[in-house]
Number of protein chains: 2
Amino acid sequence: MNKKKSETPIYTPTECKKFILPVRDVIDIIGGKWRLPIIIALSFKIHRFKELERQIEGITPRMLSKELKELEINGLINREVFNTMPVSVEYSLTDYGKSLDKVIETMRDWGLTHRNKIRNE
Amino acid sequence: MNKKKSETPIYTPTECKKFILPVRDVIDIIGGKWRLPIIIALSFKIHRFKELERQIEGITPRMLSKELKELEINGLINREVFNTMPVSVEYSLTDYGKSLDKVIETMRDWGLTHRNKIRNE
DNA sequence: CACTATACTATACTAAAGGATACTGGTATA
DNA sequence: TATACCAGTATCCTTTAGTATAGTATAGTG
């Protein structure tokens, strides 16, 4: 018995994994190229489909539609249809979606600092 | 003339786009499934390749290798080779990588809250 | 000698993300 | 009549992400 050396590095191997878990959850919910941009746009004001398409540069209606559905399923946004002619659809943030404001702000701060860093090099 | 209705919604159309830009930069740098987990592991301590492989559940050596390279190119981590036998390689965060701590903390907080939210429903 | 470990790389593949383009139906406008 | 708007779909395609498996060289261990 006693095959292992006693010098085996001693640090709790799980604490790091535990720390990673909730961040992976967040990545699953708001990860990808378009979700945060959509959420940010909606944090400014309620938007209609075409408005979002114009605000989020480079997105195609296919991706916008897909991501809006996922965000709705995850409870981050609301979709409201008005039977005007032609029909109009409004997207807004739920309280849960709004609760991302700190995450977005922190990321934005870091992003702005990064841009300045690159300029100053 | 005067083709457009005067009821056209009036809000500065650029301010929202401007807000999105830095966040898109951040997504480019730390987006994806593995980069933040790697950064978090390295924020705990310097890791060797195999240690990272064990800490980050589900990652393959190929993806780990790929992502480590990209993180190094972007200046977020350091790679140091020691000519021991067999060779050992240590990965650590640069100051720039360390500067992500607030972003990670904020995301983690939100993730933990989200987990509790789901449990309480 | 067989086996393990380290720190990866190479090859080949599948799955998922994302993009390009065209189209729908109904109304209003030119 | 022809065109444009709205809120998307449908179809096809490319790119990126990720997986599986095997292999490199060197040294130490049983």
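Every chain is numbered from 1, with letters handed out A, B, ... down the list of sequences. All values reported here derive from a predicted model rather than from experimental measurement.
Here the closest non-hydrogen pair linking A/Ala41 and B/Cys16 is CA-SG, 3.6 Å.
Rounded to whole Å, atom P of D/dC6 lies 14 Å from atom CG of A/Leu64. The distance from atom NZ of A/Lys66 to atom C1' of C/dA20 is 14 Å, rounded to the nearest whole Å. Between the P atom of D/dA7 and the CE atom of A/Met85 lies a distance of 13 Å, rounded to the nearest Å. Computed from coordinates, the A/Glu80 CD to D/dA7 P distance equals 13 Å when rounded to whole Å. In this structure, A/Ile27 places its CD1 atom 16 Å from C1' of C/dA16, rounding to the nearest Å. Counting to the nearest Å, the C1' atom of D/dG18 and the CD1 atom of B/Ile56 are 15 Å from each other. One can place CG of B/Asp28 at 12 Å from P of D/dT16, the figure rounded to the nearest angstrom. When rounded to the nearest whole Å, the span between CD of B/Glu70 and C1' of D/dG18 equals 14 Å.
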request  = With side-chain contact (heavy atoms from CB on, under 4.5 Å) as the test, would you mind laying out the steps for A/Leu68 and A/Glu72 before giving the verdict?
outcome  = CA-CA 6 Å; A/Leu68 285 170; A/Glu72 200 194 350; over 6 Å; no
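Ring geometry for A/Trp110 versus B/Tyr96: interplanar angle under 30°, hence parallel rather than tilted (30 to 60°).
Linking Ile, Leu, Val, Met, Phe, Trp and Tyr whenever their side-chain heavy atoms come within less than 4.5 Å leaves B/Phe82 and B/Leu52 in two separate clusters.
Side-chain atoms of B/Thr94 come within 3.5 Å of backbone atoms of B/Gly75 as a donor-acceptor pair (strictly under, hydrogens ignored).
Taking only distance into account, the side chain of A/Arg62 meets the base of D/dT11 through a donor-acceptor pair shorter than 3.5 Å.
To the nearest 0.5 angstrom, A/Thr106 atom OG1 is 9.0 Å from A/Asp101 atom CG. B/Ile29 contributes atom CD1, which lies 11.5 Å from atom CG of B/Leu36 (distance to the nearest 0.5 angstrom).
Residues that satisfy the side chain to side chain donor-acceptor pair (under 3.5 Å) test with A/Thr60, not counting sequence neighbours, are absent from this structure.
DNA chain D lies under 4.0 Å from at least one heavy atom of each of the following residues of residues 29-42 of chain B: B/Lys33, B/Trp34.
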Per-nucleotide protein contact string for nucleotides 2-8 of chain C, where B marks a base within reach and S marks sugar-phosphate only (heavy atoms under 4.0 Å, - for neither) = ----BSB
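Judged by a 6.0 Å distance limit and a 45° cone about the ring axis, B/Arg48 is not positioned over the six-membered ring of B/Tyr91.
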